[in-house]
Amino acid sequence: MIRFLPLLLLVLYGLAMWHFSTWQLKRQLDGNSRRLRDSKLDPYLDRLAAALEVPEVPVHVYQIAPVNGLAAPDGRVFITEGFMEKYRAGEVTPEELTSVVAHELGHVALGHSRRRMIDFSGQNALRAVLMTVLGRFIPFLGVWIANMITTALAARLSQRDEFEADEFASALLIKAGIGTDPQVSLFRKLDALTKNAGQGVPAWLLTHPKTPRRIAAIEANAQRWSRTAP
């Protein structure tokens with residue numbers, strides 16, 4: 001038991017850090033966000049709510065510049081002010097912004113925040129084991145290799161979550177009568193909207209899948225569902 005104590009302490013430390021970062025994020029969101037109210041967007045959000053059979057889909061605006069959406073660990077959905085600026089400038093349509101909300105609802109519905117906490121703890125444990133083993137046989141380089149392996153694993157798990165949230169969003173948008181076209185059109189302009197974030201980073205180290213792969217998966221799902229529809 002004593003032999004595994006350092007490993008257990010690392011896992012507990014990882015859990016504590018995750019809870020601290022979650023608490024810190026909640027404070028930032030609470031202090032720097034507002035409820036989204038938009039006459040053009042509200043009807044589309046109402047269609048999402050009807051498809052989900054809930055009274056409403058509350059969305060908040062997180063007042064930061066980057067173009068992004070966010071599913072908070074407490075289940076709230078946020079669109080950044082940067083995204084809203086693109087929307088107000090006409091670079092993003094109401095339907096496209098609704099597809100972002102649907103994607104973030106997918107993260108909430110599929111429990112990705114909770115799953116990432118478990119993944120994060122497991123990655124810390126794996127990193128500790130690899131650093132110990134590889135550091136013994138490959139001094140100096142062992143630590144670097146251990147970090148590279150766990151970073152690649154974290155990216156793969158994150159990409160899995162993104163594909164799942166995309167699939168959920170596609171199904172929800174189809175049920176709401178909006179369809180997947182806005183989802184695809186937004187992805188086709190996403191690199192320009194986000195200033196090509198992630199360009200030059202190896203795909204296996206990216207937290208989000210490459211855009212063409214996401215579009216291909218969305219279109220494949222839509223075609224498969226249309227063939228099986230009564």
Side-chain angles (χ1 to χ4, degrees), residues 11 14-15 17-26 28-29 48 51-52 57-60 62 64 66-80 83 96-127 147-176 180 182-184 186-188 190-191 193-194 197-199 201-222 224-225:
V11 172
L15 284 170
M17 288 301 296
W18 189 90
H19 282 292
F20 175 76
S21 63
T22 299
W23 171 78
Q24 191 174 43
L25 175 62
K26 184 179 185 303
Q28 292 172 353
L29 292 173
L48 292 186
L52 291 168
V57 173
V59 180
H60 304 267
Y62 185 24
I64 59 173
V67 174
N68 208 350
L70 172 69
D74 60 11
R76 288 181 294 171
V77 169
F78 292 82
I79 299 293
T80 64
F83 228 140
E96 288 170 342
L97 201 59
T98 302
S99 76
V100 179
V101 174
H103 175 89
E104 300 307 329
L105 287 170
H107 284 307
V108 173
L110 297 169
H112 286 163
S113 179
R114 182 172 59 254
R115 191 162 76 185
R116 284 176 181 176
M117 178 181 71
I118 297 170
D119 291 342
F120 183 72
S121 302
Q123 290 155 25
N124 275 337
L126 177 62
R127 181 183 286 108
N147 282 324
M148 186 65 69
I149 290 172
T150 50
T151 299
L153 174 62
R156 183 176 181 84
L157 294 173
S158 178
Q159 289 184 21
R160 173 201 62 190
D161 288 352
E162 295 305 318
F163 277 123
E164 290 180 358
D166 284 346
E167 185 174 2
F168 179 97
S170 295
L172 178 57
L173 290 166
I174 290 171
K175 185 177 180 181
T180 59
Q183 200 178 9
V184 171
L186 178 64
F187 275 127
R188 286 187 172 138
L190 196 58
D191 286 343
L193 291 173
T194 57
Q199 289 291 99
V201 179
W204 47 278
L205 287 178
L206 287 172
T207 58
H208 287 56
K210 288 286 191 178
T211 300
R213 291 181 61 208
R214 298 179 76 171
I215 292 174
I218 291 166
E219 292 177 335
N221 284 331
R224 186 176 74 253
W225 295 334

ring-ring contact (aromatic ring centres under 6.0 Å, His included) involving Phe78 - partner list, sequence neighbours excluded: His60
Would you indicate whether the side-chain heavy atoms of Glu162 and Arg213 approach each other to under 4.5 Å? no
Beyond-backbone contact of Asn68 with Val100, side-chain heavy atoms, under 4.5 angstrom: no
For Ala72 against Leu29, the heavy-atom pair lying closest together: CB-CD1, 3.8 Å
Can you list everything that forms a side chain to side chain donor-acceptor pair (under 3.5 Å) with Thr98? Sequence neighbours excluded, please. none
Rounded to the nearest 0.5 Å, what separation is found between the CG atom of Leu48 and the CG atom of Leu105? 6.5 Å
With sequence neighbours excluded, residues passing side chain to side chain contact (heavy atoms under 4.5 Å, CB included) with Ile174: Thr180, Trp225
Set of side chain to side chain donor-acceptor pair (under 3.5 Å) partners for Glu219, sequence neighbours left out: Arg188
Could you pull out the closest heavy-atom pair between Ala165 and His103, with the gap in Å? CB-CE1, 3.4 Å
Residues in salt bridge (Lys or Arg N to Asp or Glu O under 4.0 Å) with Glu104, at least two apart? none
Nearest heavy atoms of Pro66 and Thr80, plus distance in Å: O-OG1, 2.5 Å
Is there a side-chain contact between Val77 and Val57 (heavy atoms, below 4.5 Å)? no
Supply the atom-to-atom distance Arg160 CZ to His112 NE2, rounded to the nearest 0.5 angstrom. 7.0 Å
Take Asp161 and Leu110, measure what side-chain contact (heavy atoms from CB on, under 4.5 Å) needs, and give me the verdict at the end. CA-CA 9 Å; Asp161 288 352; Leu110 297 169; over 6 Å; no
Minimum heavy-atom distance between Phe163 and Arg214, given as atom pair plus value: CE2-CA, 4.0 Å
Compare every heavy atom of Ala169 with every heavy atom of Gln183, then report the nearest pair and how far apart it is. NE2-CB, 3.6 Å
Quick one: closest heavy-atom pair of Val108 and Gly75, and the distance? CG2-O, 3.6 Å
Rounded to the nearest 0.5 angstrom, the CZ-CG distance for Arg224 and Asn221 is 4.5 Å
Gap between atom CD1 of Ile64 and atom CG of Leu70 - 0.5 Å precision: 8.0 Å
